[in-house]
Amino acid sequence: MSIATAIEQIRHELPSTVQLVAVSKFKPVEDIRLAYDAGQRAFGENRPQELALKAPLLPADIQWHFIGHLQTNKVKLILPYVTLIHSVDSERLLAEIDKQASALSKTVDCLLEVHIARETTKQGFLPEEAEAIARHMGEYPNVRLRGVMGMATFTDDFEEVRQEFRTLKALSQRLSDIPGCDQVSMGMSEDWRIAVEEGTTIVRIGTFIFGKRN
Ligand SMILES: *Cc1c(COP(=O)(O)O)cnc(C)c1O
């Protein structure tokens, strides 16, 4: 299936209220250009250096989403490009994003990454930690909290995946009194339809669009 066809197919099924982020990590700029020509504007990258290399080579109206683990010393590198950082997984990182954004007189949109999976390898806050942080975002005036992000367990037990997405969605609903904090980023190539059923607002899809990564 071509990149354009894959995007078309997802768009056809995706409710208009859900945003598609095309995850282009490890893929060449030529592939991103093909997706762009098919009308796609939001792309996800997970390595700071790779984002900083690709972004200047591609059209300026692309919205870059950062979806990977971010080290504090790499924040500066990605801030000129990012629309939304999905993967804030520590308060130290939050403080650094705030500091660097302030230096650029910017406000940066962020999601708190929440650990919903069974695997201990995955990053993120416990739901109650994320909720506590969301309640004192005043400490970070140059960060705008837009919601939460999570990754389900890598399993073909779709009932488990659904329960994990429900946990994240429930947290998001508890935070819905915070102005602008209305986004839930969940769902990838294998599980995005379940995420849609459970009320996601952003899906992050790579393999289905661009093919397997080497
Ligand atoms: C790689 C990645 C994706 C996309 O995964 P696919 O299975 O290729 O769709 C989504 N979210 C995050 C955080 C990722 O690292």
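Just so you know, ligand 1 is whichever comes first in the structure, and atom 1 is the first atom listed for that ligand. Just so it is clear, the values below take in all heavy atoms, side chains as well, and ignore hydrogens, waters and symmetry mates. For the single chain, residues carry numbers from 1 onward in sequence order.
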Subject >> Gap separating the CG atom of Leu14 from the CD1 atom of Ile7, nearest 0.5 angstrom >> reply: 12.0 Å
Original post:
If you measure from CG on Leu53 to CZ on Arg47, what distance do you get to the nearest 0.5 Å?
Top reply: 10.0 Å
**OP:** Below 4.0 angstrom from a heavy atom of Arg204, which ligand 1 atoms are there? Numbered from 1 as shown, please.
**Re:** 4 (C), 9 (O), 10 (C), 11 (N), 12 (C), 13 (C)
Original post:
So, does Glu190 sit close enough to ligand 1 that a heavy atom of it is under 4.0 Å from the ligand?
Top reply: no
**OP:** Please check if any side-chain donor atom of His12 sits under 3.5 Å from a side-chain acceptor atom of Gln9, or the reverse.
**Re:** no
Original post:
Is there a side-chain contact between Leu70 and Pro48 (heavy atoms, below 4.5 Å)?
Top reply: yes
Original post:
Do ligand 1 and Arg213 have nitrogen or oxygen atoms that lie under 3.5 Å from each other?
Top reply: yes
Original post:
For the side chain to side chain contact (heavy atoms under 4.5 Å, CB included) test, which of Val203, Val23, Ile205, Ile10 pairs with Ser189?
Top reply: Ile205
**OP:** Around atom 10 (C) of ligand 1, find the nearest protein heavy atom and jot down its residue, atom name and distance.
**Re:** Met188 SD, 3.3 Å
Subject >> Heavy atom of the protein closest to atom 13 (C) of ligand 1 (residue, atom name, distance) >> reply: Ile67 O, 3.4 Å
Original post:
Based purely on interatomic distance, does Gly206 place a nitrogen or oxygen under 3.5 Å from a nitrogen or oxygen of ligand 1?
Top reply: yes
Original post:
Going from NE2 on His65 to CG on Leu111, what distance comes out if it is rounded to the nearest 0.5 angstrom?
Top reply: 9.0 Å
Original post:
If Ile, Leu, Val, Met, Phe, Trp and Tyr residues are connected whenever their side-chain heavy atoms lie under 4.5 Å apart, and connections chain through other members, are Ile133 and Met149 in the same group?
Top reply: no
Original post:
What atoms in ligand 1 come closer than 4.0 Å to a heavy atom of Lys25?
Top reply: 1 (C), 2 (C), 3 (C), 14 (C), 15 (O)
Original post:
Which ligand 1 atoms, with their elements, are less than 4.0 angstrom from a heavy-atom of Ser189?
Top reply: 6 (P), 7 (O), 8 (O), 9 (O)
**OP:** Give a yes/no on ligand 1: does His86 have at least one heavy atom closer than 4.0 angstrom to it?
**Re:** no
**OP:** Output the list of atoms in ligand 1 that are nearer than 4.0 Å to some heavy atom of Ile205, sorted by atom number.
**Re:** 9 (O)
Original post:
With atoms numbered from 1 as shown, which atoms in ligand 1 lie under 4.0 angstrom from a non-hydrogen atom of Thr207?
Top reply: 6 (P), 7 (O), 8 (O), 9 (O)
**OP:** Decide yes or no for Glu131 and Arg135: does some side-chain heavy atom of the first lie under 4.5 Å from some side-chain heavy atom of the second?
**Re:** yes
